[in-house]
Amino acid sequence: MIHTIIFDIGNVLANYRWKEYLHAFGFSQEVEKAVADAVFLNPIWKEFDRGVMKEEAIIMKCIQHRPQYEKEIREIFQDMSDLVVEYDYAQNLVKCLKQQGYQVYVLSNYGKTLFEHAKKTFQFLKEVDGGIISYQVQKIKPDAAIYEELLNKYKICAEDAVFLDDTVENLEQAACMGIKTVHVTSYESITEGLQAYGITIKEVE
């Protein structure tokens, strides 16, 4: 029986809208593509989530990838508060599950600066029972160690938990550890995926 529900954050409870964020700067198509390649599509972006390297060092790595666009790259890092935006349904979803007696946690790859903003603005974070954020433990999904951090910290039985994520590799690792999974592609995929495990989303009382 499911007792615990674990959510990823980006593209599950909040919209990681990097394309819209970047487009809002009004760069030319050429510049926008170059900055995207240097930052959001660059493997170094994952190092923000890992939390080992200093942020300025990561930004410099992005600049080295496209040095002629240093000004634009630094500009997009000035204030990323609109990069990830909470979904309208997120708080109600967590509240509903809590009212039904489930323990609810988050397990997410997230950099420190972005998560500090999320803590101030994401309403669903007030409702969850806890979680593990990658930069805090310097491990990122799908590394098995970050899942173990969550299971051990909150004494969660893997077989009694379901994990919702938008990335297949992250779900595959969870499944290897005995955790049930739901692949999130939309809000409907969340409700239908939970329903498959006998969990119904109802209106919050």
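For this chain, numbers begin at 1 and follow the sequence in order.
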Any heavy-atom pair between the side chains of [Y] and [X] that's under 4.5 Å?
| X | Y | result |
| --- | --- | --- |
| F122 | Y87 | no |
| Y187 | I201 | yes |
| H117 | T121 | yes |
| I140 | K46 | yes |
| R50 | K139 | no |
| K61 | Q64 | yes |
| H23 | K19 | no |
| D8 | Y110 | no |

Cluster link [X] to [Y], ILVMFWY, side chain under 4.5 Å:
| X | Y | answer |
| --- | --- | --- |
| F25 | Y69 | yes |
| I44 | M80 | yes |
| Y16 | L41 | yes |
| M53 | L114 | yes |
| W18 | Y135 | yes |

*Which residue pairs pass the side chain to side chain donor-acceptor pair (under 3.5 Å) test when at least one of the two sits in residues 162-183, sequence neighbours left out?*
N11-D166, K141-D165, D165-N170

How long is the straight-line distance from [atom2] of [Y] back to [atom1] of [X], given to the nearest 0.5 Å?
| X | Y | atom1 | atom2 | result |
| --- | --- | --- | --- | --- |
| E32 | D37 | CD | CG | 11.0 Å |
| Q195 | I190 | CD | CD1 | 14.0 Å |
| N92 | L97 | CG | CG | 9.5 Å |
| S108 | L13 | OG | CG | 8.5 Å |
| E127 | L125 | CD | CG | 9.5 Å |
| E149 | I133 | CD | CD1 | 12.5 Å |

*Does a side-chain N-to-carboxylate-O contact under 4.0 Å join K112 and E116?*
no

_Ion pair E56/R74, N-O distance below 4.0 Å_ = yes

*Run through the side-chain heavy atoms of Ile, Leu, Val, Met, Phe, Trp and Tyr, join any pair under 4.5 Å, and report what else lands in Y154's cluster.*
I6, Y105, L107, I132, V137, I146, Y147, L150, L151, I156, F163, L171, M177, I179

*Will you find, in the side chains of Q103 and H3, an N or O donor that is under 3.5 Å from an N or O acceptor?*
no

*Q123 and E86: side chain donor to acceptor below 3.5 Å*: no

*asked:* Over 60° means perpendicular and under 30° means parallel, so tell me whether Y21 and F40 are parallel, tilted or perpendicular.
replied: perpendicular

Taking [Y]'s backbone N and O only, do any of them form a donor-acceptor pair with [X]'s side chain (distance below 3.5 Å, no angle check)?
| X | Y | result |
| --- | --- | --- |
| Y197 | M1 | no |
| R66 | A36 | no |
| N152 | E148 | yes |
| E70 | I63 | no |

*Does atom NZ of K98 have more than 12 heavy-atom neighbours, drawn from other residues, nucleotides or ligands, at distances under 6.0 Å?*
yes

_Closest approach of C96 to T200 (non-hydrogen atoms, all atoms of both residues)_ = SG-O, 4.3 Å

_Heavy-atom closest pair, residues N42 and A38_ = ND2-O, 3.0 Å

*Show your working on side-chain contact (heavy atoms from CB on, under 4.5 Å) between L83 and R17 and close with a plain yes or no.*
CA-CA 6 Å; L83 179 60; R17 48 186 296 278; 5.6 Å; no

*In a check of side-chain contact (heavy atoms from CB on, under 4.5 Å) between C62 and each of V35, V39, I76, which one passes?*
V39

_Test side-chain contact (heavy atoms from CB on, under 4.5 Å) on F7 and L93; report intermediate values, then the result._
CA-CA 11 Å; F7 286 103; L93 174 62; 3.8 Å; yes

*asked:* I199 vs Y102, test: side-chain contact (heavy atoms from CB on, under 4.5 Å). Steps then yes/no.
replied: CA-CA 10 Å; I199 303 167; Y102 295 102; 3.4 Å; yes

*Would D160 and T4 count as a side-chain contact (heavy atoms from CB on, under 4.5 Å) if you check the C-alpha gap in whole Å, the side-chain angles of each, and the deciding distance to 0.1 Å?*
CA-CA 6 Å; D160 296 335; T4 303; 5.6 Å; no

